[in-house]
Number of protein chains: 2
Amino acid sequence: MPDKTEKSGKQQVADERPVRRQARGERRIAQLLDAAASVFCTTGYTAASTNAIAREAGVSPGTLYQFFPNKEAIAIELGSRLMHRMRETYGEALAPPDPATPLEEAVTAAVDRFIDFNCRNPVFFALMHGPDIPGRMAEEHDALHATLITRVETLLTPFVPGMPAAEVHRVAQVCVGIYKAGLELVLAHEGAEREAYVQELKNVLVRYLGALVVD
Amino acid sequence: MPDKTEKSGKQQVADERPVRRQARGERRIAQLLDAAASVFCTTGYTAASTNAIAREAGVSPGTLYQFFPNKEAIAIELGSRLMHRMRETYGEALAPPDPATPLEEAVTAAVDRFIDFNCRNPVFFALMHGPDIPGRMAEEHDALHATLITRVETLLTPFVPGMPAAEVHRVAQVCVGIYKAGLELVLAHEGAEREAYVQELKNVLVRYLGALVVD
DNA sequence: GGCAAACACGAGAGATCGCTCGCGTTTCAC
DNA sequence: GTGAAACGCGAGCGATCTCTCGTGTTTGCC
């Protein structure tokens with residue numbers, strides 16, 4: 001196997017060749033991404049084999065590599081489409097900069113949206129939660145996390161006007177951490193129990209942030 | 001490689017042969033477990049190779065398999081020793097069933113102890129946090145988690161006398177989830193920043209539980 | 001000292017995985 | 001219709017990993 005870095009450096013130029021996809025190809029790509037999502041959900045990223053993904057999609061390994069240069073690219077593309085879907089589903093509606101909104105309402109709305117998205121797309125959690133993400137996936141992961149933190153910071157700022165930036169950053173980190181932990185519990189349960197955990201997650205956040213606001 | 005289940009079934013009888021360890025052997029085992037802890041910390045369980053563990057310990061792969069039947073057994077034994085050390089370090093001091101203790105004090109004490117232990121033994125977090133734990137490791141993991149939940153439940157009960165058991169269980173799950181999330185943030189920082197995250201973790205728990213107590 | 005068992009080595013067997021390659025099939029622009 | 005390119009296949013290459021085995025060394029007991 002040749003040097004990876006040189007290869008990726010080459011790609012920036014060589015991959016500019018217009019690989020004109022046919023409708024069939026687009027269908028295969030969607031099929032493969034669906035299969036990958038399914039396999040990633042059940043086994044995680046590293047344990048998922050490209051042969052298993054191809055089998056799940058009902059195609060040969062060779063066909064898989066017709067559309068993706070390597071295993072990582074599958075996860076990258078999947079993550080990218082997931083991010084895109086997330087943006088277009090919830091758009092900028094996440095950050096209503098209206099300081100008149102009560103804290104509890106803002107938290108409830110944000111949590112409900114995110115939980116809903118994660119329940120509909122469980123692979124999102126599988127890709128984000130794995131500590132087994134290699135190379136470029138980690139960058140993608142960090143970028144998303146940073147974006148999320150920033151979003152929470154701006155959401156938070158109007159509620160805590162006097163707080164230093166470093167502290168706001170810390171609070172945002174804690175909030176996201178709490179959300180992730182809550183999400184794990186929510187995804188692990190169903191029906192009424194799941195709803196109860198959602199409510200509990202909201203309680204944690206509201207009480208934590210509420211104490212900061214009235215200070 | 002023969003059938004694993006048959007092999008393990010055989011082991012229950014065949015492994016009763018007393019493999020009399022020499023002092024040298026005990027030393028090697030400790031050496032190998034230390035090396036395994038180091039490798040698991042940096043690469044995680046699945047990505048850690050037995051050859052890498054042996055190399056880190058300065059012995060040959062064959063020597064490693066003189067003391068452990070397989071890779072999983074290394075993690076099992078490591079986890080077992082970690083659990084034992086945790087018990088003997090903090091013992092039953094975790095559950096002071098004195099209802100006179102204020103909530104904040106109880107939370108602070110419990111969090112400080114656990115954080116301290118996890119900072120001294122980072123491999124504990126590495127083994128618990130990985131979603132990449134196979135076979136018998138998962139059982140061990142679940143058993144530990146269940147123990148932890150039960151412990152928190154008993155710690156919690158005196159503070160919320162009228163609460164139904166199912167709800168106490170849910171609250172305990174949420175508390176452990178919050179703790180894990182907080183631990184991740186704590187381990188990711190150092191010095192004053194780390195202390196700040198510890199304090200923030202305590203705040204979250206105290207405010208969340210405080211609201212339940214006064215209800 | 002002698003002997004059996006525990007310890008140590010390291011090459012490599014056996015399995016898996018990511019990925020390639022040669023060749024055949026389908027699609028599409030002209 | 002025809003040629004080029006996209007699509008599709010699956011055996012298998014090379015790398016890696018877990019674990020074994022034959023052989024030699026050290027230890028502890030008599």
Side-chain angles (χ1 to χ4, degrees), chain A residues 1-4 7-8 11 14-15 17-32 35-36 39-40 43-76 132-137, chain B residues 1-4 6-8 10-11 14-15 17-32 35-36 39-40 43-76 132-137:
Chain A
M1 193 181 300
D3 183 15
K4 283 269 186 182
K7 180 187 166 195
S8 65
Q11 277 181 337
D15 273 11
R17 53 170 175 173
V19 218
R20 300 187 342 203
R21 299 254 96 102
Q22 301 177 356
R24 186 173 35 147
E26 297 290 351
R27 252 182 285 129
R28 277 275 179 261
I29 290 179
Q31 220 173 98
L32 284 163
V39 176
F40 288 159
T43 68
Y45 172 76
T46 40
S49 83
T50 54
N51 284 9
I53 294 174
R55 202 181 318 119
E56 174 83 15
V59 302
S60 84
T63 298
L64 186 152
Y65 283 92
Q66 180 100 156
F67 302 102
F68 299 99
N70 51 52
K71 178 178 167 183
E72 196 174 17
I74 304 173
I76 299 276
D132 54 351
I133 38 178
R136 243 180 65 75
M137 275 289 291
Chain B
M1 191 182 303
D3 183 16
K4 283 268 186 183
E6 183 190 344
K7 180 185 166 194
S8 66
K10 238 180 182 178
Q11 275 181 336
D15 274 11
R17 53 170 175 171
V19 217
R20 299 183 347 198
R21 299 255 96 102
Q22 302 179 354
R24 185 171 39 147
E26 297 289 351
R27 252 181 286 129
R28 278 273 179 262
I29 290 179
Q31 221 173 96
L32 284 163
V39 176
F40 287 160
T43 68
Y45 173 75
T46 39
S49 86
T50 54
N51 283 8
I53 294 173
R55 201 181 318 120
E56 175 82 15
V59 302
S60 83
T63 298
L64 186 150
Y65 282 92
Q66 179 98 160
F67 300 102
F68 299 99
N70 51 51
K71 178 178 166 182
E72 195 175 18
I74 303 173
I76 299 277
D132 54 352
I133 38 177
R136 243 180 65 74
M137 275 289 291

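- For A/R55 and D/dG10, the CZ to C1' distance is 13 Å, given to the nearest whole Å.
- A straight line from CD of A/E26 to P of C/dT27 spans 16 Å, rounded to a whole angstrom.
- Note: CD (B/E72) to P (D/dT18) measures 13 Å, nearest angstrom.
- Within the 4.0 angstrom heavy-atom criterion, only backbone atoms of the sugar-phosphate kind lie near B/A48; the bases stay farther away.
- The shortest distance between the side-chain N/O atoms of A/T50 and the OP1/OP2 oxygens of C/dC19 is not below 4.0 Å.
- Evaluation of the side chain to side chain donor-acceptor pair (under 3.5 Å) rule for A/S60 yields A/T63 as partners, not counting sequence neighbours.
- The distance from atom CD of A/Q22 to atom P of C/dT27 is 8 Å, rounded to the nearest whole Å.
- Looking at B/V59 and B/L32, their side chains come closer than 4.5 Å, going by heavy atoms from C-beta outward.
- At the heavy-atom level, A/A52 lies nowhere under 4.0 Å from the strands shown.
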Using the 3.5 Å cut-off, write out each protein N or O paired with an N or O of nucleotides 8-13 of chain C and the distance between them.
unit_1 : atom_1 : unit_2 : atom_2 : d
C/dA8  : OP1    : B/R28  : NE     : 2.8
C/dA8  : OP1    : B/R28  : NH2    : 3.4
C/dA8  : OP2    : B/R28  : NE     : 3.3
C/dC9  : OP2    : B/S60  : N      : 3.0
C/dC9  : OP2    : B/T63  : OG1    : 2.9
C/dG10 : N7     : B/S60  : OG     : 3.3

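- Protein atom CD1 of A/I29 is 10 Å distant from nucleotide atom P of D/dG8, rounded to whole Å.
- When the P atom of D/dC17 is taken as reference, atom OH of B/Y45 falls 14 Å away, rounded to whole Å.
- Side-chain nitrogen and oxygen atoms of B/Y65 include none within less than 4.0 Å of the OP1 or OP2 phosphate oxygen of D/dT20.
- No side-chain heavy atom of B/F67 sits under 4.5 Å from any side-chain heavy atom of B/I74.
- Applying the side-chain contact (heavy atoms from CB on, under 4.5 Å) test to A/R24 and every residue at least two apart in sequence or in another chain returns A/Q22, A/R27.
- Residue A/R21 places at least one side-chain N or O closer than 4.0 Å to OP1 or OP2 of D/dC7.
- With sequence neighbours excluded, the residues forming a salt bridge (Lys or Arg N to Asp or Glu O under 4.0 Å) with B/R136 are B/E140, listed by chain and number.
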Atom pairs and distances, side-chain donor-acceptor, residues 46-55 of chain B, under 3.5 Å, sequence neighbours left out:
unit_1 : atom_1 : unit_2 : atom_2 : d
B/T46  : OG1    : B/D132 : OD2    : 2.7
B/S49  : OG     : B/A52  : N      : 2.9
B/T50  : OG1    : B/Y65  : OH     : 3.4

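- The distance from atom CZ of A/F68 to atom P of D/dA6 is 17 Å, rounded to the nearest whole Å.
- Applying the side-chain contact (heavy atoms from CB on, under 4.5 Å) test to B/E56 and every residue at least two apart in sequence or in another chain returns B/A35, B/S38, B/V39.
- A/R27 has its CZ atom 11 Å from the C1' atom of D/dC7, to the nearest Å.
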